[in-house]
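See structure below.
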Amino acid sequence: MRDIQTNNIWNKFNYELLNYIKSKVSDQYEAEDILQDVFIKIYKNIDQLDDEAKLKSWLYKITNNTIIDWYRKRKATDINIDLFDIPIRVEEDLLTMNDEIGACLIKFLGRLPKKYRDPLEMYEFKGMKHKDISNVLSISLSGSKTRVQRARVKLREVLVACCELELDTYGNVMAYKKKEDYQCTKDNTKG
């Protein structure tokens, strides 16, 4: 059954995935090698796919992560790996709880001290560079980076204190449950 399923996936998606890989990797032979690695991962992990409606998003996530791994192995300095962190939008987009959790984090963001909230909002929502943030807030460049990082840590701490999260292998929130002992009015973002 597994062989038939992966053969069908190969027949349906191999050219599409290869073209995607070639858009990220200039060497044709390397792209083909990466595609082989992708299908090995698909074969090994096909049992983790619970819903066929999520197949295309799942395939692209595996492909994207395999490309990142390839660049990391080669320690490429001319590629910005952060570009791959942008979610890939496909028609059958993966049904996750990321948006719901994101909405919760935005509420918690309002509870952060202003010195952490402002740099994070400027960086994440306004797309400002750390240099510009440091100029606007009259802080050092490293100060901007530190405050954004600390804000993320504080938000993560609040989220972990608030909810039990079920993540897939790619870090997507697939399910969550509010912890019974957590007080939403409690301010866990101080500091």
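Gln149 meets the side chain to side chain donor-acceptor pair (under 3.5 Å) test with no other residue; sequence neighbours excluded. Annotation: side chain to side chain donor-acceptor pair (under 3.5 Å) contacts of Ser134 (sequence neighbours excluded): none.
With Asn19 contributing its side chain and Tyr15 its backbone, the two residues share a donor-acceptor pair below 3.5 Å.
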Check step by step if side chain to side chain contact (heavy atoms under 4.5 Å, CB included) holds for Thr146 and Arg150.
CA-CA 6 Å; Thr146 300; Arg150 286 186 182 158; 3.5 Å; yes

Candidate pair Arg152 and Glu124, rule side chain to side chain contact (heavy atoms under 4.5 Å, CB included), full reasoning:
CA-CA 10 Å; Arg152 288 177 177 156; Glu124 292 293 341; 2.3 Å; yes

Assess the residue pair Ile46 and Ile9 against the criterion (side chain to side chain contact (heavy atoms under 4.5 Å, CB included)); give the C-alpha distance rounded to whole Å, side-chain angles, the decisive distance to 0.1 Å, and a yes or no.
CA-CA 10 Å; Ile46 193 72; Ile9 293 170; 3.5 Å; yes

Derivation and outcome, side chain to side chain contact (heavy atoms under 4.5 Å, CB included), residues Phe39 and Ile62:
CA-CA 9 Å; Phe39 274 91; Ile62 289 174; over 6 Å; no

Evaluate Asp69 against Lys41 for salt bridge (charged side-chain N to carboxylate O under 4.0 Å, His left out), listing each step before the verdict.
CA-CA 12 Å; Asp69 291 344; Lys41 290 178 182 179; 3.3 Å; yes

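In this structure, Lys154 and Val158 have side chains that are not in contact, with every pair of non-hydrogen atoms separated by 4.5 Å or more. Here the side chains of Asn64 and Tyr20 are in contact, with some heavy-atom distance below 4.5 Å. A 4.5 Å side-chain heavy-atom check between Val136 and Met122 finds at least one atom pair inside the cut-off. Residues Trp10 and Leu35 have side chains in contact (heavy-atom distance under 4.5 Å, counting atoms from C-beta outward). Using a 4.5 Å heavy-atom cutoff, the side chains of Lys22 and Gln28 are in contact. At least one side-chain heavy atom of Trp58 sits less than 4.5 Å from a side-chain heavy atom of Ile42.
Linking Ile, Leu, Val, Met, Phe, Trp and Tyr whenever their side-chain heavy atoms come within less than 4.5 Å leaves Ile34 and Ile40 in two separate clusters.
Between the NZ atom in Lys24 and the OG1 atom in Thr63 there is a gap of 11.5 Å [rounded to 0.5 Å]. Here CE of Met128 is found 8.5 Å from CG of Asn135. Values are rounded to the nearest 0.5 Å. Here OH of Tyr60 is found 11.0 Å from CG of Leu55. Values are rounded to the nearest 0.5 Å. Interatomic distance, CG of Leu112 versus CG of Leu155, reported as 4.5 Å (0.5 Å rounding). Taken to the nearest 0.5 Å, the CG atom of Leu17 stands 10.0 Å off from the OG1 atom of Thr66. Atom CD in Glu30 sits 11.5 Å away from atom CD1 in Ile21 (nearest 0.5 Å).
For Glu16 and Lys56, the salt-bridge test passes: some basic side-chain N is under 4.0 Å from an acidic carboxylate O.
Of all non-hydrogen atoms in Tyr116 and Ala151, the two that sit nearest each other are O-CB, 3.6 Å. Minimum heavy-atom separation, Pro119 to Leu137: CG-CD1, 3.6 Å. Shown here for Gly143 and Ser140, the closest heavy-atom pair between the two residues is N-OG, 2.9 Å. Nearest approach of Val25 to Tyr71, heavy atoms of both residues: CA-OH, 3.8 Å.
Using bins of under 30°, 30° to 60° and over 60° for the plane-to-plane angle, the ring pair Tyr123/His130 lands in the parallel bin.
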